[in-house]
Amino acid sequence: MGNIIVIGCGRVGSRLATMLSSYDNNVTVIDREESAFRALGRDFNGSTVVGAGFDEATLRHAGIEECDFLAAVTQSDNANLMCVEIAKRLYDVPNAIARLYNVEHERTYSQLGIDYVCGTALVAEEIFSKVMSGVGDHITTFGDYEILQFALDLTDTGKGSITVGEIQKDHLIRVCAFERADGSTSSLPTSKSVLRQGDCVLVAVRHGMAGKISRYMQV
């Protein structure tokens with residue numbers, strides 16, 4: 001994935017950072033308390049920065065300007081939201097995800113277009129899968145494949161529609177299902193099914209190939 005910043009070095013943050021660093025990623029962990037970094041252990045191969053994850057000086061010190069993925073996993077929903085908003089809107093970080101504790105905030109996060117993981121169990125593993133897939137629309141890993149869901153963007157094709165067969169042939173993926181942009185219908189497609197701008201699609205793609213279809217993903 002490249003350059004990754006993890007904000008928060010608690011149980012989830014420390015585990016996530018260690019997992020990511022073991023895959024040769026350049027990982028930097030930010031936490032307010034220097035003592036928190038002891039949780040990283042000897043297997044962590046990245047760097048640490050003491051400070052608040054929403055402080056711009058701290059973020060720049062951590063390498064936010066070259067960051068490919070940011071995960072805000074502190075114990076504060078508000079802090080996590082601020083970190084992701086700053087990363088995406090001020091520094092154009094392509095992928096940023098926030099840990100969410102209070103389920104009542106889910107609607108707000110969704111309206112703001114914030115990618116998040118809610119719940120205390122397996123949070124590190126879920127964020128790890130998103131980072132390693134290279135896209136924020138990762139749902140799960142199944143054997144040698146990534147399962148992705150995204151809104152279709154046909155801008156680069158110069159066409160208003162495309163068949164399922166065209167996408168599958170050119171990019172070695174399988175379109176499992178789709179829903180019209182207006183939510184009117186959903187379907188299990190054949191190769192002749194026609195997809196249109198904005199349709200929501202569920203696809204299976206081999207590991208490492210998700211980036212090849214990123215031009216079809218609305219951002």
Side-chain angles (χ1 to χ4, degrees), residues 1-5 25 64-72 80-81 83-98 100 106-118 126-142 144-219:
M1 184 62 194
N3 300 315
I4 300 170
I5 294 176
N25 293 292
I64 189 70
E65 292 165 323
E66 291 79 37
C67 182
D68 300 303
F69 200 107
L70 180 143
N80 292 340
L81 177 60
C83 294
V84 169
E85 285 278 86
I86 290 171
K88 293 180 70 70
R89 303 190 188 283
L90 297 186
Y91 294 97
D92 295 321
V93 174
N95 294 294
I97 185 169
L100 175 63
E106 283 192 273
R107 182 178 179 83
T108 299
Y109 275 50
S110 296
Q111 289 175 336
L112 291 172
I114 300 297
D115 195 9
Y116 64 90
V117 173
C118 187
E126 189 165 343
I127 297 177
F128 175 74
S129 294
K130 285 175 176 279
V131 175
M132 295 310 296
S133 72
V135 295
D137 298 284
H138 174 90
I139 293 178
T140 190
T141 298
F142 187 81
D144 293 332
Y145 294 86
E146 305 287 341
I147 309 301
L148 311 176
Q149 178 181 330
F150 55 90
L152 195 64
D153 185 356
L154 299 177
T155 304
D156 287 350
T157 69
K159 300 187 292 185
S161 64
I162 191 171
T163 66
V164 167
E166 288 178 273
I167 292 181
Q168 293 183 157
K169 178 181 178 181
D170 292 343
H171 300 283
L172 300 177
I173 69 172
R174 178 63 58 86
V175 179
C176 306
F178 72 93
E179 182 180 59
R180 291 300 180 202
D182 60 4
S184 60
T185 59
S186 58
S187 177
L188 298 177
T190 68
S191 61
K192 296 181 179 179
S193 297
V194 176
L195 301 174
R196 303 178 185 128
Q197 176 73 17
D199 285 353
C200 182
V201 294
L202 184 70
V203 307
V205 57
R206 275 192 177 277
H207 289 309
M209 296 296 292
K212 300 291 185 181
I213 60 171
S214 61
R215 72 188 186 108
Y216 289 112
M217 299 179 184
Q218 284 192 9
V219 295

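All values below come from the heavy atoms of this structure, side chains included, with hydrogens, waters and symmetry mates left out.
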Colleague: Do V93 and I64 have side chains that get closer than 4.5 Å, going by heavy atoms?
Modeller: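 Yes, at least one pair of side-chain atoms sits under 4.5 Å.
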Colleague: Can you tell me how far the CD1 atom of I147 sits from the CZ atom of R174, to the nearest 0.5 Å?
Modeller: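 One gets 11.0 Å once the value is rounded to the nearest 0.5 Å.
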Colleague: Before giving the answer on side chain to side chain contact (heavy atoms under 4.5 Å, CB included), spell out for E85 and I114 the whole-Å C-alpha distance, their side-chain angles and the decisive distance to 0.1 Å.
Modeller: CA-CA 8 Å; E85 285 278 86; I114 300 297; 3.4 Å; yes
Colleague: Would one find more than 12 heavy atoms of other residues, nucleotides or ligands at under 6.0 Å from atom CZ of R180?
Modeller: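 More than 12 heavy atoms, drawn from other residues, nucleotides or ligands, come within 6.0 Å of this atom.
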Colleague: Where do V194 and S161 come nearest, in terms of heavy atoms and distance?
Modeller: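 Looks like CG1-CB, 3.6 Å.
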Colleague: Once you round to the nearest 0.5 Å, how far does CG of L152 lie from CZ of R196?
Modeller: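 So the gap between those two atoms works out to 11.5 Å.
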Colleague: Where do S184 and D182 come nearest, in terms of heavy atoms and distance?
Modeller: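 Closest pair (atom of S184, atom of D182, distance): OG-OD1, 2.7 Å.
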Colleague: Would you name the heavy atoms of A181 and D199 that are closest together and state the gap between them?
Modeller: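 Shortest heavy-atom separation between A181 and D199 comes out as N-OD1, 3.0 Å.
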Colleague: Please report the closest heavy-atom contact between A72 and C83, naming both atoms and the distance.
Modeller: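 Distance-wise, the nearest heavy atoms are CB-CB, 3.9 Å.
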Colleague: Output the distance between atom CG (L70) and atom CD1 (I4), rounded to the nearest 0.5 Å.
Modeller: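 The CD1 atom of I4 is 10.0 Å from CG of L70, to the nearest 0.5 Å.
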Colleague: Is the backbone of N3 close enough, under 3.5 Å, to the side chain of D68 for a donor and an acceptor to pair up by distance?
Modeller: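 Yes: the side chain of D68 pairs with the backbone of N3.
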Colleague: Would you check if Y91 and C67 make a side-chain contact, meaning some heavy-atom pair closer than 4.5 Å?
Modeller: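 No - every pair of side-chain heavy atoms lies 4.5 Å or more apart.
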Colleague: Is there a side-chain contact between E179 and L202, using heavy atoms and a 4.5 Å cut-off?
Modeller: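 No, their side chains stay 4.5 Å or more apart.
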Colleague: Quick check against the 3.5 Å criterion: does Q197 have a side-chain atom that pairs as donor or acceptor with the backbone of G160?
Modeller: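 Between the backbone of G160 and the side chain of Q197 there is no qualifying donor-acceptor contact (under 3.5 Å).
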Colleague: Does L112 form a side chain to side chain contact (heavy atoms under 4.5 Å, CB included) with L81? I'd like the steps, not just the answer.
Modeller: CA-CA 10 Å; L112 291 172; L81 177 60; 4.0 Å; yes
Colleague: As an exercise, state the distance from CD1 of I97 to CG of N80, rounded to the nearest 0.5 Å.
Modeller: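 Rounded to the nearest 0.5 Å, the CD1-CG separation comes out at 10.5 Å.
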Colleague: Kindly say whether Y216 contributes a backbone atom to a donor-acceptor pair with the side chain of D153 at under 3.5 angstrom?
Modeller: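 Judged by distance alone, no pair lies under 3.5 Å.
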Colleague: Give me the atom names and distance for the closest heavy-atom approach of C176 to P189.
Modeller: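 The answer is O-CD, 3.4 Å.
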Colleague: CG/L195 to CD/E166 distance, rounded to the nearest 0.5 angstrom?
Modeller: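 Spacing of CG (L195) from CD (E166) equals 9.5 Å.
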Colleague: What distance separates I162 CD1 from I167 CD1, expressed to the nearest 0.5 Å?
Modeller: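 If I round to the nearest 0.5 Å, the distance is 4.5 Å.
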Colleague: Minimum heavy-atom separation for N25 and G2, please, with both atom names.
Modeller: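 Shortest heavy-atom contact: OD1-N, 3.2 Å.
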Colleague: Q149 side chain to C200 main-chain N or O, any donor-acceptor pair under 3.5 Å?
Modeller: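 Pair absent, no side-chain N/O of Q149 close to backbone of C200.
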